[in-house]
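Please read the structure below before turning to the comments.
Index from 1, following the sequence.
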Amino acid sequence: MASGIADSFITFWTINKFKHFWLRHYLEGIPSPLLKEIGCLYESEVLKNRGMEILNVYNNQLKMIKEADHIYGISSAVTEGYADSISERVKEGIPIELIVPLHVAGELKLSPYVEKLAALKNHENFKLMVMDEDIKVGLIVTDKHLSLSLYKKEGIEYDISTGLFSSDSKAIEWGEMLFWYCKGKADFTKFQ
């Protein structure tokens, strides 16, 4: 019982610590069982794009990818920078598993992404999975770091300007649980 009370306090403190982040974002994208474990994110920080650092969140995510020994990701958006970073790491032999919703899968069938994916088709260390429902989170979880991005409050626009980052082991474990939860609903896609 004491453990349950402690977990409740940690969850409360985490919600309070990042209240502006939670209030401005669409939390329905996080599955209910993982929302109950949100206290695992207490040792995180919110990064924002500000002033001259207009790509602060993006650059920190690319740095995470570059430093990782393995990568699990859920992508609600795609950019050439992400695609190039992922491609480079796959070619270096880093195990990478990505989950994308249908609208991102559609973008991946277009240039320049289709060519980048074709170059990875023989790499056993790369898995791409598609969910047939819209995913309202962006997640990068590695052996060292977690990055969580969400849609803005209305659930329509993906927020590229703010993200929750952590190198805490509990936060990384939470991110892995979110990935595995979504992976259970995704289908592995073969490269055409």
Side-chain angles (χ1 to χ4, degrees), residues 9-31 34-89 94 96-101 103-104 107-108 112-113 116 134-179 182:
F9 279 123
I10 292 170
T11 299
F12 171 77
W13 291 328
T14 302
I15 291 168
N16 194 45
K17 180 179 182 181
F18 303 116
K19 65 183 170 198
H20 295 292
F21 180 76
W22 305 126
L23 287 172
R24 294 184 174 124
H25 290 96
Y26 183 78
L27 297 182
E28 289 83 349
I30 300 173
L34 289 155
L35 265 178
K36 293 176 184 173
E37 301 293 327
I38 209 93
C40 293
L41 301 176
Y42 185 77
E43 295 297 330
S44 301
E45 66 177 315
V46 174
L47 293 182
K48 296 180 181 183
N49 297 341
R50 294 187 175 167
M52 297 304 289
E53 293 182 342
I54 59 170
L55 298 175
N56 191 29
V57 172
Y58 181 72
N59 287 335
N60 274 285
Q61 290 170 335
L62 292 179
K63 182 179 178 197
M64 283 175 54
I65 292 168
K66 186 175 185 173
E67 295 174 351
D69 290 332
H70 72 261
I71 300 166
Y72 300 131
I74 301 172
S75 184
S76 290
V78 64
T79 69
E80 278 195 69
Y82 286 136
D84 290 339
S85 293
I86 293 294
S87 293
E88 183 180 310
R89 299 312 318 266
I94 301 299
I96 299 176
E97 295 186 37
L98 298 177
I99 300 169
V100 298
H103 76 272
V104 172
E107 289 181 49
L108 295 176
Y113 306 111
K116 293 176 191 300
D134 199 13
I135 305 170
K136 297 285 188 179
V137 300
L139 174 76
I140 302 171
V141 63
T142 73
D143 50 301
K144 300 173 185 76
H145 301 285
L146 163 92
S147 168
L148 176 68
S149 298
L150 299 170
Y151 274 65
K152 293 181 180 177
K153 188 71 176 168
E154 300 76 31
I156 298 168
E157 183 182 354
Y158 185 65
D159 186 1
I160 60 170
S161 66
T162 308
L164 196 71
F165 288 79
S166 186
S167 57
D168 180 67
S169 62
K170 287 183 181 178
I172 292 169
E173 185 178 324
W174 183 91
E176 289 174 347
M177 288 188 300
L178 175 57
F179 177 82
C182 291

Taking the side chain as everything from C-beta on, heavy atoms only, tell me whether [X] gets closer than 4.5 Å to [Y].
X    : Y    : result
I38  : W174 : yes
K152 : Y158 : no
T162 : R24  : no
L34  : M177 : yes
Y82  : S75  : no
V104 : I135 : no
L150 : L27  : yes
I172 : D143 : no

- [ ] I would like to know whether I160 and V57 meet side-chain contact (heavy atoms from CB on, under 4.5 Å); could you show each step before the answer?
- [x] CA-CA 7 Å; I160 60 170; V57 172; over 6 Å; no
Task: Pair K116-L108, side-chain contact (heavy atoms from CB on, under 4.5 Å): steps then yes or no - done: CA-CA 9 Å; K116 293 176 191 300; L108 295 176; over 6 Å; no
Grab the two heavy atoms, one from [X] and one from [Y], that are nearest each other, plus how far apart they are.
X    : Y    : result
G73  : F179 : O-CE1, 3.5 Å
G29  : V137 : O-CG1, 3.5 Å
W22  : T14  : NE1-O, 3.4 Å
E43  : S166 : O-OG, 2.8 Å
D168 : C40  : OD2-O, 4.1 Å
F18  : S44  : CZ-O, 3.2 Å

Task: Exam field: side chain R89 to backbone A68, donor-acceptor pair closer than 3.5 Å - done: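 The answer is yes, because a donor-acceptor pair under 3.5 Å joins these two groups.
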Task: H103 side chain vs A77 backbone, donor-acceptor pair below 3.5 Å - done: no
[X] [atom1] to [Y] [atom2] distance, which is reported to the nearest 0.5 Å:
X    : Y    : atom1 : atom2 : answer
K48  : F21  : NZ    : CZ    : 10.0 Å
K17  : Y42  : NZ    : OH    : 5.0 Å
L164 : L41  : CG    : CG    : 5.5 Å
L139 : L146 : CG    : CG    : 6.0 Å
C182 : I30  : SG    : CD1   : 10.0 Å
M64  : I140 : CE    : CD1   : 5.0 Å

Within 6.0 angstrom of [X] [atom1], more than 12 heavy atoms from elsewhere:
X    : atom1 : result
K66  : NZ    : no
K144 : NZ    : yes
E107 : CD    : yes

Task: For N49, the option from N56, N59, D159 that meets side chain to side chain contact (heavy atoms under 4.5 Å, CB included) - done: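 Exactly one pass, corresponding to N56.
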- [ ] Mind running side-chain contact (heavy atoms from CB on, under 4.5 Å) on I99 and Y72 for me, showing each step along the way?
- [x] CA-CA 8 Å; I99 300 169; Y72 300 131; over 6 Å; no
TODO: Would you sort out whether E67 and T142 count as a side-chain contact (heavy atoms from CB on, under 4.5 Å), showing the intermediate values?
DONE: CA-CA 9 Å; E67 295 174 351; T142 73; over 6 Å; no
